[in-house]
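A quick write-up on the structure given underneath.
Here is the naming used below: chain letters follow the sequence lines, and residue numbers restart at 1 for every chain. Just so you know, these numbers come straight off a predicted model, no measurement behind them.
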Amino acid sequence: MTALAQYAILLGLTLGTVAFVYAVYALARVIGRVQPEPGKDVPATAGTLSRDPVWVRYHAKYYGYALLFLAFDMEMAFMYPWAVVYREEGLVALLDMGVFLAILFLGLLYGWSQGALRRQ
Amino acid sequence: MIGARQGALSGFRRLIAGAMARDLCVFALPGIDVARARGIDLRAANLRLTITPRHASVLLFLGSLPKRLEDAAVVAYAQMPRPRAIVFLGAGDLPDGLHADVIGELSQAGLINALDELTKIISEGAFAAQVQEFDAPALQTRIEYTCPMHPEVVSDHEGNCPKCGMNLVPREISAGTAHAAHATPEQEPAMPPKSPPQATANHDHSKHTSAEATAKYTCPMHPEVVSDEPGSCPKCGMFLEEVKGEADHEGHDHHHDHSKHTSAEAAAKYTCPMHPEVVSDEPGSCPKCGMFLEEVKGEAEHEGHEHHHDHSKHASAETAAKYTCPMHPEVVSDEPGSCPKCGMFLEEVKGEAKHEGHDHSGNDHSAHQGHDAHASGASADGIEPQFMSMIELTEGQPVSPDGLIMEWIDVPFGPFFPGLPGGLGLDMSLDGDSVAKVSAHSLVSAGELLAEGATPPEKFVERLAAMSPLSPVSYRQLACLALESAAKQEVASSDATARAAAVERERIASHLGWLANLGAQTGFAMLERRATNLELTIRDANMDHIAALDPEIASLLARLRKSHMLRDKLSGTGHIDHCSATSGPVARASGKDDDARSDDATYIGLGFATVTGSGGDAAARLEQRLAEIEQSCELIAKAEHLSLPEPAKIGAASGEGEAVVETPRGAARLTLTLTDGMVTAADIGTPTAAHFTLIEAITQHAEIADALIAVGSLDLSPWEMRP
Amino acid sequence: MELELLVALTIAAALFGVGLYGSLSQTNLVMIIMGVELILAAALINMVAFWRYLHPDVIAAQMFVLIIMAVMAVEMAVGFGIAIARFRSRGSVEMEEARELRG
Amino acid sequence: MTIAIVLLAVVVGAYLVAVLERWSVHGQFSLSGPAVSALALLGRESLLARTPDRLFFEAGPILLLVAGLLGAAVIPLAPGLIITDLATGALFLNAALAYVLVALIMAGWGPNGAYGLIGGWRFLGQFIAYAMLIVMPITAVAMRAESLMNTQIVLSQTQLWNIAYQPLGFVLFVVAAMGLAWLPPLDLPSAPGDLAGGVEAEYTGVRLGILRLARMVIILVMASATVTFYLGGWLGPVLPAWAWSAIKTLIVAALMLFGGRYVPRVREARYLAISWKLGISLSLANILLVGVIALVVPI
Amino acid sequence: MTLQVIFLAFFGIAAVWFGVVVFRTHSMVRSALALLFSQTAIGAMFLVMQAEFLGVLQIMMMATEMSVMAIFMVMFMMDPGGMGAMDMTHQKRLSLRAGAVGLVAALAVIWLPDWGPIAATVPSAGEQIKLLGFELLGRSMFIFESAGLTILTAMVAATMVAIAPQSETANKGARDGA
């Protein structure tokens with residue numbers, strides 16, 4: 001099977017899943033429609049009608065982690081090809097990646113020391 | 001079935017109805033804690049508990065609800081998807097508008113019978129050819145429009161926000177809700193200049209004139225800052241000066257023709273040619289550069305007005321006279337020239353550049369079509385006239401501990417929140433996922449102790465016990481002791497011991513119930529299961545039975561003491577310093593040697609000694625309750641009998657009595673007056689009232705989960721609150 | 001037979017145009033970062049297309065793609081860091097208001 | 001044909017996971033239970049909040065299911081019994097499951113309800129905590145297998161399963177996998193006790209059914225990924241290959257589902273701190289350890 | 001081959017369309033996720049172009065990074081829900097012109113020269129990863145290490161500007177006036 005055929009299968013799987021879901025929705029629709037009633041379509045908050053919009057500027061307290069994550073995550077892009085040839089390259093690979101990871105870990109340690117790794 | 005879905009029951013629908021009948025998801029009111037206290041085990045009845053009415057198909061009422069909880073029950077019912085059923089256990093009435101599909105007895109057997117019946121009803125009636133729309137007064141709403149950025153801007157019409165020009169978005173509020181109640185209290189003082197809270201909807205002008213017109217204060221440097229109260233300017237900190245510009249407006253008809261008072265108003269304004277932000281009511285020199293102020297006939301001091309006038313009358317004067325700097329939108333001049341800040345040429349703007357601060361929300365916006373047209377015309381390049389300053393938005397808003405200014409959302413937790421006692425309502429203002437502000441209220445608070453004047457003692461005892469379903473025995477004991485003290489009767493010491501044993505049994509059950517709640521709250525399923533089972537067994541267990549349960553209790557306690565993850569989750573949460581108002585396990589966990597039992601002769605006879613902990617956080621309270629469970633087991637073992645407190649025959653005695661009982665939540669104190677064998681006056685102090693006041697302090701800046709655990713660790717009983 | 005290459009490059013050009021428009025027209029720092037991301041994504045497509053259709057034997061092109069991806073991530077991290085700092089000190093990340101700092 | 005068999009296996013597996021899940025959460029062991037619930041959910045109303053982001057609300061569960069199934073597509077059940085054996089299979093699994101995050105953000109944001117919103121953003125924090133712990137152990141696995149192809153990864157464990165070769169990686173991966181599938185004690189986005197359902201709170205009826213199905217598929221995929229990466233996949237004596245896959249997957253799924261019963265939910269701040277301070281250090285140590293072993297020992 | 005063109009064009013148009021949505025929608029979360037799906041479509045284009053590793057990597061990386069971007073959007077944009085439908089742009093005409101000029105220039109560069117024949121075959125996906133690995137540890141080692149340094153710099157810079165030290169955090173509300 002060529003690579004392109006495999007991607008085609010994956011695309012087909014995606015589309016098939018969507019089709020399946022909509023088929024189920026259609027079946028549910030046949031069973032009955034939603035009876036429109038007051039209060040029913042308001043977000044449920046434990047017995048209170050909560051109508052205030054909640055789409056406001058949200059304070060994510062983990063943004064220190066998020067910033068480090070954005071940069072640190074890129075490391076993975078380099079690690080996968082490295083891992084695949086690791087055994088063939090041997091010690092060179094170990095040292096090379098050791099330096100790379102040490103550099104990144106340094107950044108992590110800096111962030112840690114400055115309080116990026118905490119709830120802000 | 002009243003909550004059936006529309007549709008004829010046939011074929012496939014019959015199959016589905018059968019499945020629905022077997023798949024009962026229950027939302028229990030007022031809460032699962034009450035179910036346990038009533039000895040009802042929902043899991044044993046093969047029910048699945050849901051955490052939100054959205055996932056439930058059965059609304060289960062455990063007895064009739066207090067009046068204030070009825071609306072919430074109606075809302076919960078309305079939010080369930082159809083088909084939905086109501087099961088009512090016990091005696092009493094359902095909230096108005098709801099009708100039970102099945103009524104049963106308030107007991108485990110009653111529940112199981114009711115469910116049998118319900119299964120039949122659902123499989124036959126999940127679909128009905130004709131269904132009725134469910135509606136109730138609690139669900140009535142009206143639509144109002146608000147600016148997403150300026151929550152204080154509220155209008156009854158669609159339109160644009162007078163502050164930023166954004167489209168107002170519709171939102172619903174309960175029909176009875178006042179506008180003021182919806183504006184976030186925090187945000188109101190932060191935005192004083194631009195929106196007097198009255199500037200809302202189609203109000204009656206006669207109502208608000210004097211307060212609004214007389215009480216204006218403005219900053220000498222920032223004329224846009226207008227406040228109803230004296231104070232300092234949020235921008236520069238200078239003292240606000242009083243402005244009397246509108247004092248004579250009082251009582252006016254606001255739908256006036258402007259010709260009536262334009263001269264008086266316009267004459268009063270002077271501004272500096274170099275510093276257009278300098279506006280004065282009197283001629284003089286500019287505080288910034290010393291130049292003479294020039295007279296302006298614009299609307300500079302119009303803010304705070306209600307513009308129910310026809311804009312066309314003075315539109316020309318207003319729109320023609322505005323010039324603004326493309327880089328500094330706050331620089332607005334009536335004449336062409338250069339910007340005092342950067343020297344760039346001012347551009348002509350025909351929009352609402354200096355309109356900010358006006359409040360148009362009450363106006364008929366159709367009159368503003370002209371402005372909108374101008375706005376689009378001016379948006380070619382440079383600053384949009386609608387440009388909204390984010391700095392202004394965040395100015396003066398509360399700052400989070402990390403220095404960022406975010407928006408708060410008001411989220412109700414309760415009265416039917418799975419992690420909290422049923423009937424407890426927490427209204428939290430959340431800053432992201434942490435609590436900025438909280439207000440707690442009880443929707444199940446006890447009513448008057450004496451319903452109809454003089455009450456017979458027996459009835460009084462029952463009433464008090466029924467008013468606190470989470471710990472009825474303790475309150476029964478309290479009532480009996482107070483009655484005996486009023487009637488000057490002595491109880492035989494063996495009886496007293498037996499009663500104390502009953503109170504201790506309830507303490508074990510109550511603490512186990514708290515553990516079960518903790519398990520539910522923290523997703524610790526094993527704890528929830530074991531504690532629930534033990535609580536249900538021990539509530540009605542006799543002496544032998546309790547002794548037999550001892551090893552099981554001990555093993556649960558040992559398991560909890562070993563749980564590092566539980567300790568990790570609880571420690572540091574909800575810290576309380578040594579606080580005089582607290583009592584019960586909460587006080588003892590922070591090292592306070594306070595226990596009503598230590599003065600009680602009966603307990604002294606049993607060898608009681610107060611157990612205290614240290615730490616004062618949720619982990620310490622867990623530790624304390626575990627220790628108290630052990631202690632109560634020992635006390636029961638020493639007492640030889642166990643019997644529920646019954647009021648002694650007190651005849652026609654008169655007098656005043658007082659009693660204190662250490663309930664599972666702390667010391668409760670009852671004073672009552674007995675007149676000719678009838679209770680004529682009574683007053684009660686419960687531990688929960690003091691603990692309610694702690695909520696705010698222990699949830700400050702905590703993450704929601706931590707905050708809820710902190711509140712949960714207080715073991716509040718909203719039933720004990722007085723209205 | 002160079003249609004594939006042209007299609008890919010045209011798409012990249014279109015993304016570049018959209019990204020350029022976005023980064024110039026947006027008033028908010030965060031939105032400007034999004035525009036830059038799109039421009040960099042266009043560069044990614046170009047690199048991959050050149051590798052695939054012109055020099056499939058030069059694997060350094062793929063290396064270059066990895067570097068561009070790293071640049072995207074780095075740009076975002078620093079950009080958001082600046083956004084947080086600016087927001088903390090000024091209460092806004094609007095570029096219009098950033099310019100006021102000069103005056 | 002293969003595709004049909006694998007999809008059937010996924011359906012059956014998800015059903016069994018649902019049985020296990022029901023047992024662990026509600027204490028009801030019932031083989032017919034999930035089917036009854038599914039039918040009942042089909043028949044209930046599927047409500048829409050009034051001013052929602054309708055697109056996101058609808059897309060959330062669907063994207064979740066798509067992500068789960070795409071993840072399942074690269075997991076080998078037996079030699080040849082795999083939908084697509086991509087050369088970058090292990091990476092593709094990660095890529096597909098990254099969309100779990102996107103789906104939950106959509107599901108949380110969509111209905112404009114407070115609990116869901118908080119749940120969705122919480123899951124982003126949770127993701128930041130587990131993301132590195134799921135990719136770094138996989139790197140160590142790939143180092144040994146010299147390939148990202150999942151069948152290669154299984155075959156590389158012929159002599160010794162990775163659970164023995166890199167136990168540290170196994171522990172980290174399982175914990176991270178539980179975070180990904182938001183299983184207790186890491187069920188922060190739905191947190192019954194403190195968010196009353198969170199991202200799931202506004203879903204009812206058939207949409208809730210799809211959401212639950214998707215969740216079961218994701219649990220199944222995480223369990224079978226654990227089996228593929230650490231427990232030798234289909235390898236095993238006597239029984240046919242597919243049976244080994246099935247048995248191991250169900251055992252891992254049961255462990256994941258029941259493990260959460262015995263511990264309280266982890267605080268989000270704590271989870272983030274532990275993952276970054278301890279978890280990343282450990283996974284780097286794991287890579288280093290595997291690197292040294294791989295240079296010394298030729299298996 | 002034509003099928004490849006069709007898929008390339010399909011995902012390409014999807015990428016551009018989502019890219020346009022980024023700047024046209026008022027909801028910030030939609031905007032961020034539109035960028036995410038734009039990047040995903042680009043990843044799919046990579047797959048069509050048989051750069052499997054890069055494609056899957058792009059699909060994975062962008063899912064995570066754009067989701068993180070979404071939270072920053074929600075933190076720092078006014079009205080992240082887009083309910084007020086406010087206009088968040090400036091110098092629109094200039095930007096449109098600049099965008100159009102950039103597009104036309106790029107198109108001219110693309111369509112005018114003769115690119116010569118295109119390669120018919122590429123190394124298989126597995127080989128590509130290996131080749132990339134050897135490249136990483138061979139010729140491009142310094143590039144790779146300097147990428148590490150760049151990331152380190154970014155982490156340090158982001159931490160320095162964004163994280164308020166604990167002591168400053170304590171005196172909250174200390175924000176100087178405008």
Side-chain angles (χ1 to χ4, degrees), chain C residues 1-11 13-22 24-31 34 37-38 41 44-45 48-49 51-56 59-60 62-63 65-67 69-70 72-74 76-78 80-85 87-89 91 93 96, chain E residues 4-5 8-9 12 15-16 19-20 22-23 31 35 38-39 42 45-46 49-51 54 61 65 69 72-73 76-77 88-92 94-96 98-100 102-103 106-107 110-111 115 117-119 122-123 128 131-132 135-136 139-140 143 147 150-151 154-155 157-158 161-162 164:
Chain C
M1 281 311 283
E2 59 180 43
L3 194 58
E4 289 95 333
L5 178 63
L6 289 179
V7 167
L9 294 184
T10 307
I11 298 292
L15 276 175
F16 174 75
V18 173
L20 195 61
Y21 161 75
L24 288 176
S25 71
Q26 295 299 310
T27 56
N28 196 298
L29 180 58
V30 187
M31 289 298 279
M34 303 188 89
E37 291 284 310
L38 275 180
L44 283 183
I45 299 182
V48 174
W51 168 79
R52 166 63 183 84
Y53 297 116
L54 298 181
H55 305 288
I59 204 73
Q62 291 212 4
M63 186 67 205
V65 171
L66 290 189
I67 299 293
M69 281 190 190
M72 285 169 91
V74 162
M76 279 169 72
V78 176
F80 292 142
I82 292 171
I84 293 172
F87 194 81
R88 182 175 286 131
S89 62
V93 291
E96 299 285 355
Chain E
Q4 205 182 346
V5 174
L8 207 54
V16 175
V20 172
V22 170
F23 300 110
S31 179
L35 186 58
S38 174
Q39 304 279 13
I42 292 171
M45 283 175 76
F46 291 0
M49 291 192 272
Q50 287 164 292
L54 294 181
M61 287 293 175
E65 308 217 328
M69 176 174 237
F72 282 107
M73 303 269 297
F76 297 126
M77 300 290 282
M88 300 282 286
T89 56
H90 63 167
Q91 48 191 9
K92 221 171 187 164
L94 170 76
S95 318
L96 269 177
L103 175 64
L107 285 180
I110 291 162
W111 286 87
W115 295 100
I118 62 166
V122 288
Q128 280 176 40
L131 286 173
L132 198 53
E135 176 80 21
L136 206 66
R139 276 198 309 170
S140 301
I143 299 178
T150 316
I151 295 175
M155 286 166 88
V161 295

Smallest separation among heavy atoms of [X] and [Y], with atom names:
{"X": "Q4(E)", "Y": "Y53(C)", "value": "NE2-OH, 3.3 Å"}
{"X": "W51(C)", "Y": "M49(E)", "value": "CZ3-O, 3.9 Å"}
{"X": "A51(E)", "Y": "V48(C)", "value": "CB-CG1, 3.9 Å"}
{"X": "F16(C)", "Y": "G102(E)", "value": "CE2-CA, 4.0 Å"}
{"X": "I84(C)", "Y": "A162(E)", "value": "CG2-O, 3.6 Å"}
{"X": "M31(C)", "Y": "V22(E)", "value": "CE-O, 3.7 Å"}

Heavy-atom distance under 4.5 Å to chain E: side chain of [X], backbone, both or neither?
{"X": "V18(C)", "result": "both"}
{"X": "M69(C)", "result": "side chain"}
{"X": "M34(C)", "result": "both"}
{"X": "L44(C)", "result": "both"}

Heavy-atom pair count under 4.5 Å with chain E, highest-scoring of [options]:
{"options": "V7(C), I11(C), I67(C), I82(C)", "value": "I11(C)"}
{"options": "A85(C), A13(C), A8(C)", "value": "A13(C)"}
{"options": "A60(C), A77(C), A70(C)", "value": "A60(C)"}
{"options": "L15(C), L54(C), L29(C), V78(C)", "value": "L15(C)"}

Toward chain C, the part of [X] with a non-hydrogen atom under 4.5 Å:
{"X": "P117(E)", "result": "backbone"}
{"X": "I151(E)", "result": "both"}
{"X": "M45(E)", "result": "side chain"}
{"X": "Q39(E)", "result": "side chain"}

With a 4.5 Å cut-off on side-chain heavy atoms, are F46(E) and R52(C) touching?
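The answer is no; the side chains never approach within 4.5 Å.
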Going by heavy atoms in the side chains, are M69(E) and E37(C) under 4.5 Å from each other?
yes
For the interface with chain C, which of [options] has the highest count of heavy-atom pairs at distances below 4.5 Å?
{"options": "A158(E), A106(E), G12(E)", "value": "G12(E)"}
{"options": "L131(E), L103(E), L54(E), L8(E)", "value": "L54(E)"}
{"options": "R139(E), M61(E), Q50(E)", "value": "Q50(E)"}

Using 30° and 60° as the class limits, which term best fits the ring planes of F87(C) and F76(E): parallel, tilted or perpendicular?
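Tilted, since the angle between the ring planes falls between 30° and 60°.
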Per side chain to side chain contact (heavy atoms under 4.5 Å, CB included), L107(E) is matched among L6(C), L9(C), T10(C) by T10(C)
